[in-house]
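Excluded from the calculations below are hydrogen atoms, water molecules and symmetry mates; all remaining heavy atoms, backbone and side chain alike, are included. Each chain gets a letter, A, B and so on, in the order the sequences are listed, and its residues count up from 1.
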Amino acid sequence: MFLINCPFCGEREQSEFKAGGEAHIIRPKQPTELSDDEWAEYLFMRKNIKGVQFERWNHAHGCRKWFNVVRDTSNDEIKAVYKMGEKPPTI
Amino acid sequence: MLNYTPALLKETLIQDLQIKEISPIMKLIVRGKKREFISAVGKSLNILLPTEANTSTQSDKLTALWLSPDEWIIFSNDTMNKDLNDYETEKLLQNNISKINLGAVTDVTDQFVMINLKGNKIYDLFQSGSPYNFNNFQNKKGAVTQTILGKIDIIVHNQDKNTVNLFVRRSFSQHLFSWMNDAASRL
Amino acid sequence: MTKSLRVKTGKIIDETYRISFKFNGKTYYGFKGDTLASALLANDVHLVGRSFKYHRPRGIMTAGSEEPNAIIQLHKNSSRTEPNVRATEVEIYEGLEASSQNCWPSVEFDIGGINNFLSPLLPAGFYYKTFMWPASFWEKYEYFIRKSAGLGKSPTEPDPDVYEHKYVHCDVLVIGSGISGIMAAKTAAKNGLQTLLVDEKPILGGSTIYQNSENFKINNQNSGSWLEKEINEIKKISNLDIKVRTSVAAYHGYNFLLARESLTDHLPIEQRKNKTRHKLLKIRAKKVICATGSIERPLIFNNNDRPGILLSSAIKRYADLFGVSCGEKNVLLTNNDSAYETAISLIQKGINIEAIIDNREEVDSKLVYEIEKNNIKIYKGFTVVDTSGYKRINKLSIMKLSKDGQKVIGSKINLPCNCLGISGGWTPAVHLFTQSGGKLKFREDDQVFIPNTHPSDQISIGSCNGDLSLEDILINVPNTLKEFLGIKKTEYENIEVLSSENFSKRNIWLLPSDKVLGKTKSFVDYQNDATAKDIKLALREGFRSIEHVKRYTTTGMGTDQGKLGNMHALGIISETAGTKMGEHGTTTFRPPYTPLTFGTIVGRNVGEYFDIFRKTPIHDWHVENKAEFENVGQWKRAWYYPKDNEDMYQAVQRESKAARESAGILDASTLGKIDIQGTDASEFLNRVYTNSWSKLAIGKCRYGLMLNEDGMVYDDGVTTRLGENHYIMTTTTGGAANVLSKLEDYLQTEWPELDVYLTSVTDHYATISVCGPNSRNIVSTIIDDLDFSDENFPHMSFKNAKIGKINCRVMRISFTGELSYEINIQANYAKSVWEKCIEAGKDFNITPYGTETMHLLRAEKGFIIVGQDTDGTMTPIDLQMDWIVSKKKYDYIGKRSLYRSDTIREDRKQLVGLLTENPDDVLEEGAQIVANINKTPIEMLGHVTSSYYSPNLKKSIALAVVKGGKNMMGEKLIIPMENKSINVTIADPIFLDKENKKLNA
Amino acid sequence: MMKNKYSIFSLIKNAFSYHENWQKAWKDPQPKKEYDVIIIGGGGHGLATAYYLAKKHDLKNIAVVEKGWIGGGNTGRNTTIIRSNYLWDASAGLYDHALKIWENLSQELNYNVMFSQRGVMNLAHNLQDVRDLKRRTHANRLNGIDAVYLNTQQVKEFCPIINTSPDIRYPVLGGTLQRRAGTARHDAVAWGYARGADEMGVDIIQNCEVKGIKRNNGAVEGIETTRGLIKTKKIGVVAAGHSSVIANMAGLKLPLESKPLQALVSEPVKPVIDTVVMSNAVHAYVSQSDKGELVIGAGTDDYVSYSQKGSHEIVEGTLNAILELYPIFSRMRMLRQWGGIVDICPDASPIVSKTNIKGLYFNCGWGTGGFKATPGSGDLFAHTIANDEPHKLNAAFNLNRFISGDLVDEHGAAAVAH
């Protein structure tokens, strides 16, 4: 089980958090303008990276805030955390 | 006249660990992001909301716990009158915060049950069901944390050495109370 | 009376404290401090169990958790009995009862032993090659295979013991209390670090603590007594927590470890009452120091599994620590110096040694010379080629090894022997290290895998790190510690060490025999009966990877997880395949290091603590009034209130009639309630619900349907506008938590620009719903000064009110189709309000009803229940709720998905009503619907989602989803049940009061 | 006729030569320059695909490339549950096709895969479970799948050690039983198919990792591997948890997330449970292997990971549920715990489909339940590759459903995902 450094509350056990999947998939501002394919791309298609992935986590049992985590999915090593809206670090 | 029924009908003393609900305690959740928000709350209640994570502040009447960068819980230091549920503090804040759209104020007096624990085994009890590292917390008066105990979300406030206030949602409180008593019985 | 092999006092034996115990029904005596194994040996009992496959007699082989053979069934009693317990780990207590496993009728005479003679037919993987004829017969073969497998027996009664969890956060965790561990723990603690030292054994000190020989000295004291002093010192250190009988089971990433602290297993049963049996320590350590030591290697030769054959180090431990001699005719077989240490201990204890057989030709070693001084015959360059003795070794044959060690030469010499100690050198215990993600490297000179790279903040020290000599340990450990802990100096600078062993070793993975391999049984995995020839067969059949060989031969798959044999398996594979050792890597060591009882892992989360039990503020009233309860998520909800032994059907019929004809009352407190505030609250609702909210007047309520982005119905509920920027949303009971976190997600990540705050008030307000033609009369009597007229208080609106002096909210909304009021009152007053309603309702026969009646009433009215009438595949259009889907709104969650080629299809499943031909036929919920039963395959058009007998309509009604049902009004369909077919007609899902007369009454 | 046929007679014969004359179960060839079809992934599904391509579609120049050792992925890590009592017609068709092949697989392969039809029971713990299980049972019956609904009493009779007391937190309200369902020996499935495919000339190439997919104007040309370039016009990807990794090499994105799934076994004991019991609501799956180990499936974590490690909580939660339903197992011991990587689709149904790249086919998304489908999946995927068209039984499991919205939502319909 990981330790995740919540950018608001500090380092906590993974069990306090909820994973939210791949980060930076922005909900289209004008869904109605999209083709079925483009909508499916947003809705379902995922990079599902093996290696360094930018992803969303929520401190569900703490401050309830969402934030981003950079994690190597091949060994679960967490490289960085950053708040929503902040610029992703370069890893 | 309505009867008042607190969540926990009894208090317990096990292995000199005292577990009891304190009620009625007025509790408000206040939310706000704007800069003026914090000062407005300060002015209306003369208590400065804590901005440092996992801390609390206190005035003679009220205590405020940090819950997140835009969320605090404010509760009364003393019990209220069982026969009334208009709270001055809430009105003040509604006028000085909600009405002018500085933020939000929500009465959660019965959303959370405040359980007061006293004794030198509090943290042994917590260790049997919480992943949170209380090592520094227990020596830090006023410290606050939100975490899990016996699978249930809790807010813990270090009121003083060997005294904590624990806040839990009412519908979970009887289960947690029973769980804590069972755990305490084996400390 | 069996003869006693107890010799001079062992270090931890209290001879003044005699303990009686039973093994296979026979009573024996041991002393306080004995393990079951040491006590059995002391009583000259060697035959302890039978092996897994061939049911060969097996005895005690080790003195620790690596034991493959001496595994027994502990306790007779059906709730306490425990299978596969290692006799080497059980501390005896008065009244202990144990028995042999996997044998019938008895360990002495075991029918299964016949497998030993069938063994030529049972090579590795034989079962893949046969039992295939006739087809369909496998079950029958399997029945016998399963019976003969399986070692011990499961308990048949629930466990009387209690288990607990404990989260531990420390600066430094030291695993293992051998000399290295003790040095590490002391150093860490003395440097102010919060330190935890754990050891699986009941005493500290590892194997050095009973080291009492002139050949191993530290600062001129023999190493054992030096360590004893150290131990006495560390016991005084306040920031050092020491736990014995504590075995680390798993080492996960981020220095998260699980350890089992055993608290009562060593006590007589009667002393275990009200005590926790095991504590599962969930340890989060900043730094971890592995000092897990090493495990002596056996040697692989023909018939190396007989009772009486032990690891040489085990014989030493039994002699030094327990004062037990494992036999009178002791022979040692070794390829290194360790066996000589054993010999020295035996000599000290006056135990006879027949001979030592040393694979090595030449050795220049103090220890060897010392043995020679004692005139003990040493056969240098020899090996054992066979042993005999069915239930205990009684003889062995040795021969000279050829120069290359690949064959034996010369003539056979037979030696009498009833105890053979074997020593193949040492294997560092790197199991935990590798579990943590650590990678190993192979050290050629003594053929061991040692720690190399690792992820988390940890080190391995002492023999688990490959430092096998006392000298290496005392030089390397302090330096490693300094670097790891970032400290200047330790107490162990320039310490004087004398360590006499010589580390030359002649490593031969599979010792040659005079017989052809095919005729030998050289066991690599003792418990599973995997032999060297099995491994060679696997390779011959094309299994190349170690994992394949392991699985094909079951090597290392026993309860000892191959702690003894895995290295030899690897060695034999690379020898046979002609590859270099280490190329193959090792098999992965999976957690737990030693097996962990389920009870320990689960702790106290059993029985009433298995899951959370949520109650409404009115729960106790429901209990007092004999309600039956239904699980809804973690809530217990009143299901129905049977009166004088009504069954559910009768109760529900009564409750439903009462609610429609006069008045009913429901505890709806479990509905989720979210307080929504902020200048963008209306816009927010526009985005999350399918309908429009901007124009909802303050004081009015509106029903909303929430989709997920896939366009499928996700949740529903009534939301009330309390003020310009203030709403309260209700959600389904089950959906409450998910809806809130979903909405928070959108607010924080997609729409941060919106000024909106969400706060759950589910538990703050209890919701009491009073419905029925008389509901107004009842509610108005308990709420004074509120104008209940339709003009002032119409359907779908809300009022602030007071009950006594207590503020509350009253909504006039209805989930039953009846005139109905919902009182939202602060939880701590709810029970009182409920009782007042009951009181005020007496003259109107107010009837409390539960979820079942609520479901029936709403079904009569055609209201859906998300999760029952929908299943994650229904759009609002499918539900024929087009009216709630705004065409004007630019966007809302899930809108785009409603316009995909499949979601716009006309022939999707749509919600309809069903009426049965015979009004008394009540359909089964979940029943499938077809048009034609004669044509196969039968095409299923949909299924029944809700079904009841309606006492108010005096007929059976049902809701269903049917392909294209929207346009099939009035059509006849069939419900094919196992025994009969039921004819139904598609009807309007609203069965009652379509014009809403009752609502607006 | 197999050159090296297995039977009790061949065992006896070989016993006389101390089993020194057994031949390799499969060869260890060097990769050729070019193949007609290359299957990426030497798990059960991949080997079965190659086997049926050779057997039924008369293609002979086939290779299976595997980055590690065959059967070393989810095939060798799952809890071996086999059943076909799925809700939707499409799923029922797919899984029952597989089940029918299972019933004769040992004979077909001349390799005992120990398919044991000991029955699979699914338990209901709340009223919605009951509705869902009844719905599924009715659908199964009409689809010709042998599933029956059991009340609590019948559940108890079929598996007496289950705690059916009404006083437990989530009482057993009923269940379904499919008698033809059961378990099989996972390794044997991979090895049996490998031996069968090898026999028909398929090259099984181990320790050969794919590094790239060579394409030329919208069609595949070959694969770059750690053992060099191998040419081919058709590639079938059966890489389970690593499907997205291969897809990314071809510039594709799939509707998949790869998550940790854990399982564990207890120490072996004499027979104590002779069927498979699954409970979704409290999340406990248990059966007993022929060796005597209790085989227990835990759940998936909710984050993407290729580390083959999951969080301890998942294991703890599962054993929690096990003890709720089987209090007698409290003193049984966990012997071994491990993790696999499962590729999960949003609708908990697989993808057995062509892609928009010519000659590139994917068989993935089996999530936590792929083992049971192995023979059917191989057969239908072989058909899809050979004919460049899906078989009617896997037509519904195309990639396009995620665009059109025509999902086969098995967990939405609360059917058991395992």
Side-chain angles (χ1 to χ4, degrees), chain C residues 82-84 120-121 123 126-132 135 142 145-146 149-159 518 537 540-542 545 547-548 551 559 590-592 595-599 601-602 605-606 610-611 630-631 871-873 897 900-903 924-928 938 940 943, chain D residues 6-8 11-12 15 18-20 22 24-26 69 72 104 106-107 111-112 114 116 126-128 131 134-135 138-139 142 169-170 187-188 267-272 290-292 312 316 319-320 322-324 327-338 404-406 409 412-414:
Chain C
E82 199 161 342
N84 309 341
L121 295 180
F126 70 97
Y127 33 76
Y128 298 124
K129 293 178 173 142
T130 178
F131 303 125
M132 288 179 281
E142 189 184 33
I145 292 175
R146 292 186 66 188
L151 301 176
K153 293 195 183 68
S154 158
T156 54
E157 297 289 320
D159 190 340
L537 172 63
R540 193 173 306 125
E541 294 194 77
S545 98
E547 284 292 341
H548 273 163
R551 285 157 176 268
T559 62
R590 306 193 183 285
L596 205 54
T597 53
F598 292 176
I601 295 167
V602 169
N605 303 331
V606 289
F610 167 63
D611 193 16
E630 173 193 4
N631 280 314
D871 61 7
T873 68
S897 291
R900 291 173 302 179
S901 60
D902 183 73
T903 34
E924 181 167 285
E925 288 171 347
Q928 295 290 329
I938 302 182
M940 289 173 256
H943 73 282
Chain D
Y6 293 158
S7 72
I8 183 67
L11 262 178
I12 294 166
Y18 311 116
H19 300 283
E20 299 205 347
W22 290 106
K24 284 197 169 3
W26 56 84
W69 40 282
N104 201 25
S106 295
Q107 288 67 34
Y111 204 92
N112 189 353
M114 302 177 206
S116 162
N126 61 51
L127 297 173
Q128 191 54 43
R131 288 185 199 100
K134 283 187 171 168
R135 174 186 176 190
H138 287 299
L142 298 177
R169 183 67 181 82
Y170 295 101
D187 293 328
E267 292 183 334
V269 288
K270 296 292 176 193
V272 55
D290 290 342
K291 232 184 138 218
H312 167 71
E316 186 178 308
L319 289 173
N320 235 244
I322 291 287
L323 293 197
E324 170 83 345
I328 67 166
F329 288 158
S330 176
R331 295 175 96 87
M332 293 285 290
R333 282 190 294 270
M334 175 165 86
L335 174 60
R336 212 165 44 242
Q337 165 208 334
W338 65 92
S404 71
D406 192 7
D409 195 337

Counting heavy-atom pairs closer than 4.5 Å to chain C, which one of [options] comes out on top?
options: D:Ala188, D:Gly292, D:Ala139; answer: D:Ala139
options: D:Ile322, D:Asn104, D:Leu11; answer: D:Leu11
options: D:Gln107, D:Met332, D:Gln128; answer: D:Met332
options: D:Gly72, D:Ala25, D:Pro327, D:Gly405; answer: D:Gly405
options: D:Gln337, D:His138, D:Arg331; answer: D:Arg331

Just verifying a value: how many Å separate [X] [atom1] and [Y] [atom2], rounded to the nearest 0.5 Å?
X: D:Leu335; Y: C:Leu596; atom1: CG; atom2: CG; result: 11.0 Å
X: C:Glu925; Y: D:Arg131; atom1: CD; atom2: CZ; result: 4.5 Å
X: D:Lys24; Y: C:Arg540; atom1: NZ; atom2: CZ; result: 9.5 Å
X: C:Phe598; Y: D:Leu323; atom1: CZ; atom2: CG; result: 7.5 Å
X: C:Thr597; Y: D:Met334; atom1: OG1; atom2: CE; result: 10.0 Å

Taking all heavy atoms of [X] and all of [Y], pick out the closest pair and write down the distance.
X: D:Ile328; Y: C:Pro158; result: CG2-N, 4.1 Å
X: C:Gly872; Y: D:Asp409; result: O-OD2, 3.7 Å
X: D:Lys270; Y: C:Ala149; result: NZ-O, 2.7 Å
X: C:Val602; Y: D:Leu319; result: CG2-C, 3.5 Å
X: D:Ser404; Y: C:Ser901; result: CB-OG, 3.3 Å

So, do [X] and [Y] sit near enough that their side-chain heavy atoms are less than 4.5 Å apart?
X: C:Glu924; Y: D:Lys134; value: yes
X: C:Ile601; Y: D:His312; value: yes
X: C:Asn605; Y: D:Glu316; value: yes

Where on C:Leu121 is there a heavy atom nearer than 4.5 Å to chain D: the side chain, the backbone, both, or neither? both

C:Ser154 portion near chain D, given a 4.5 angstrom heavy-atom threshold: both

Whether [X] side chain and [Y] backbone form a donor-acceptor pair below 3.5 Å:
X: D:Arg333; Y: C:Glu82; answer: no
X: C:Asn631; Y: D:Arg169; answer: yes
X: C:Gln928; Y: D:Arg135; answer: yes

Is it the backbone or the side chain of [X] that comes under 4.5 Å from a heavy atom of chain C, or both, or neither?
X: D:Glu267; result: both
X: D:Asn126; result: side chain
X: D:Asn320; result: both

Which one of C:Arg900, C:Lys129, C:Glu541 has the most heavy-atom pairs closer than 4.5 Å to chain D? C:Lys129

Count the heavy-atom pairs under 4.5 Å between each of C:Glu157, C:Arg590, C:Glu630, C:Arg551 and chain D, then report the option with the highest count. C:Arg551

Please assess D:Asn112 against C:Thr130 for the test side-chain contact (heavy atoms from CB on, under 4.5 Å), listing each intermediate value before the final yes or no. CA-CA 7 Å; D:Asn112 189 353; C:Thr130 178; over 6 Å; no

Quick check on C:Lys153: does its NZ atom have over 12 non-hydrogen neighbours (other residues, nucleotides or ligands) under 6.0 Å away? no

Look at the rings of D:Trp69 and C:His548 and say which category their plane angle falls in: under 30° parallel, 30 to 60° tilted, over 60° perpendicular. perpendicular

